[in-house]
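In this text, all values refer to a predicted model and were calculated from it rather than measured experimentally. The figures here come from the full heavy-atom set of this structure, side chains too, leaving out hydrogens, waters and symmetry mates. Just so we're on the same page: letters track the sequence lines, and every chain starts at 1.
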There are 2 protein chains.
Amino acid sequence: MVTIYDIAKKANVSAMTVSRVINNKGRISEKTRNKVKRIMEELNYVPNEMARSLVLRETQVLFLLVTDITNPFFTTLARGAEDAANKLGYRLLFGNSDESLEKEREYVDTILKSRVDGVLLAPAGDGSLPHLESLRAHGVPFVLLDREVPGIGSDVVLGDSREGTRMLMEHMIALGHKEIALVNGSPEVSSARLRATAYKEALKLNDLAAPPERILELSYAPRSSLARIGEWLDGLHPLPTAILCGNNMMAIQTIQAIRKKGLRVPEDISVCCFDDLGPVGEIDPFLTVAAQQAYQFGYKGMQLLIGRIADKENDGGDDAWTRVLLPAELVVRRSVADLR
Amino acid sequence: MVTIYDIAKKANVSAMTVSRVINNKGRISEKTRNKVKRIMEELNYVPNEMARSLVLRETQVLFLLVTDITNPFFTTLARGAEDAANKLGYRLLFGNSDESLEKEREYVDTILKSRVDGVLLAPAGDGSLPHLESLRAHGVPFVLLDREVPGIGSDVVLGDSREGTRMLMEHMIALGHKEIALVNGSPEVSSARLRATAYKEALKLNDLAAPPERILELSYAPRSSLARIGEWLDGLHPLPTAILCGNNMMAIQTIQAIRKKGLRVPEDISVCCFDDLGPVGEIDPFLTVAAQQAYQFGYKGMQLLIGRIADKENDGGDDAWTRVLLPAELVVRRSVADLR
DNA sequence: AATAAATGAGTTACCGATAACTCCAAATTA
DNA sequence: TAATTTGGAGTTATCGGTAACTCATTTATT
């Protein structure tokens, strides 16, 4: 490995001079600067960021931890975060916790050990509290995405779960649906709680029955719930005419479960959900959704995070926490039948 | 920040003793070991990986660079790579080059600077050669995924583009299609070249015409080609009865372009492509594809990479390059019309 | 012309860990 | 009993950079 000392020796200067050339700091004559630069190219020098970060105590690296890398909501969010990070001069690394507190814990440990400058994360659930406390205790700034965690304050970018749910519910009710079920994420997750509450509110407001068995609570975790949704449906009498799903991945599995029973969507049961489906969903614009601004989640979250880091460095930063609430948009397609 | 020196002082031992406890190396009495461990917990100590890596000259970190993080092929691949890396004790970081040589160059520079132990990458194209040469020159092991780059040898995991294309072509031809067009990735990309060649072979083998204007070459880059596909279609007389697409994202855009002209898939024009669509595609199993084993690309690639790293450390490793060819599977759905 | 200021660079210490070597005392062996 | 071995640590140098200070020349100022 070529180091600044190798360069220094060959250029007949001190290592410090090389360092100054690299960082464009301090006073260097044009002649020396060019000589050093030439030799750096000659030797194919690449700075060792680890040595640099060790002494500077900052890495210029940020971390994005999502709960499902195969969910288009999160990949779009990731692109937003990436764009913002690059624009603001940071490098961005991704991790995927798969909705698992255990994997999240491992990633948090990695983050702490690697002295990343800040973290953008969608927490796996309320059980993420100790992980966030770790980050806080070690002075690592973080911004939460999509979900809050009770017990700890922080900047956060949220979707408007309440209003989004209301829109979906009103849509279904307006089309004549009265028996509406809910397939939701775990109540461990703040967004799922808000959606459940708004779901019940909407039923009550419209004088509709809300038998508790019509709510199924599952993990948001991908690829795991098909069978359980099927069993739950088997136990429902009468079947609901429509099902609201807590997110896009659950809606997909719900549709599959319905079809497995030989029923059709939306003719037999309607389905709608939170979050859009990304490019793949465009092939067949079928699912009615409350689309969230996934890209903005990442972009705004990254801006908040980098703002925090700057505050911290300027020793300011005793601001209150910022809370960004992104509106959802009702996108009506064909998965909810008109019963009127 | 708590360091081993803080621990050492409080435990009345030397820093080296603390280091030994952390790494379970050398001889330590149970008594000292426990004392040190207790104090580490008390002070909430987290090792500084950067300092550690600096002296050890290895990071235990691997990098996965894909060309489109919103493509389900790559997110599934990423999960495979992640699983393999975790199983084998490495941490994995992701990057997204967006099919851009420039972004790829930036990521490669980041990789070099951060002294990652190895890289798994889908190169943006033949223009990636200098990037790979950089990695090679700096002794960073890498494994290519999905695409080869002429001019440099390496381990590589490829899909069987030739056979996959053949299967798709035979399928269309068997259903009576004679005017088959190709919307392909850039000839800068090895997989696109193979697919183009196999496409022409299949036409010739079946005595079908192959007018050059029936081939459209675009970037695989996402979200950019809709308009150009539309214009290209406008210039084709007669319209093809079927279009083979170089990958799933292009197929989506092709379908959209066809519909924008007021035509239907598959009634007016059939479409099929390489790569499946992931969970979102399950909502409406519509697109006929040559499904590649995305997860295996990541999993096998990671195994190869870690194997290389081990070879390098054991000073062995003058093996020839390994070349894994993963078969594609024809998944017939509804996007190709039966003309018979 | 004498003094002050600016320029261009070198020295030294340190960031937080580990390797390699040293050292002492207790246990083992001849 | 003297000579070895071994268990349990400590010392020092080093990884590859940067901050802060120092110092010798030039150049500008009065």
Closest to the 5' end of DNA chain D, once B:Ala15 and B:Leu54 are matched to their nearest nucleotides, is B:Ala15

Select from B:Thr32 and B:Val55 the residue whose nearest nucleotide in DNA chain D is closer to the 5' end of that strand. B:Thr32

Applying a 4.0 Å non-hydrogen cut-off, can you work out what [X] is touching in the nucleic acid: base, sugar-phosphate, or nothing?
X	result
B:Arg52	sugar-phosphate
B:Ile4	base
A:Ser14	base
A:Arg57	sugar-phosphate
B:Ser53	nothing

Would you kindly give the [atom1]-to-[atom2] distance between [X] and [N], to the nearest whole Å?
X	N	atom1	atom2	value
A:Asn12	C:dA9	CG	P	12 Å
B:Lys35	D:dG8	NZ	P	14 Å
A:Asp6	D:dT14	CG	C1'	15 Å
B:Met16	D:dA13	CE	P	15 Å
B:Lys9	D:dG10	NZ	C1'	17 Å
A:Leu56	D:dG17	CG	C1'	8 Å
A:Ile28	D:dT25	CD1	C1'	16 Å
B:Asn34	D:dG8	CG	P	13 Å

Pair of N/O donor and acceptor under 3.5 Å linking [N] base with [X] side chain:
X	N	value
B:Arg115	D:dG16	no
A:Tyr5	D:dG17	yes
B:Arg33	D:dG8	no

Output yes when at least one side-chain N/O atom of [X] is less than 4.0 Å from OP1 or OP2 of [N], else no.
X	N	answer
A:Ser19	D:dT18	yes
B:Lys31	D:dG8	no
B:Asn23	C:dT18	yes
B:Arg27	D:dG8	no
A:Ser29	C:dA9	yes

Does the side chain of B:Val2 come within less than 4.5 Å of B:Val46's, by heavy atoms? no

Looking at side-chain heavy atoms only, is the closest gap between B:Tyr5 and B:Lys9 below 4.5 Å? no

Just say parallel, tilted or perpendicular for the rings of A:Phe297 and A:Phe73, cut-offs at 30° and 60°. perpendicular

Considering non-hydrogen atoms only, spot the tightest contact between B:Asp117 and B:Gln60 and give its length. OD2-N, 2.7 Å

Considering only side-chain heavy atoms of A:Ala51, which listed nucleotide, D:dG17, D:dT11, C:dG10, is closest? D:dG17

Winner on side-chain proximity to A:Thr3, out of D:dG16, C:dA17, D:dG10, is D:dG16

Tell me which of B:Lys25 and B:Met50 sits closer to the 5' end of DNA chain C, going by the nucleotide each one is nearest to. B:Met50

For B:Glu102, I'd like to know if atom CD has over 12 heavy atoms of other residues, nucleotides or ligands within 6.0 Å. no

Would you check if there is a donor-acceptor pair between the side chains of A:Tyr45 and A:Asp6 at a distance under 3.5 Å? no

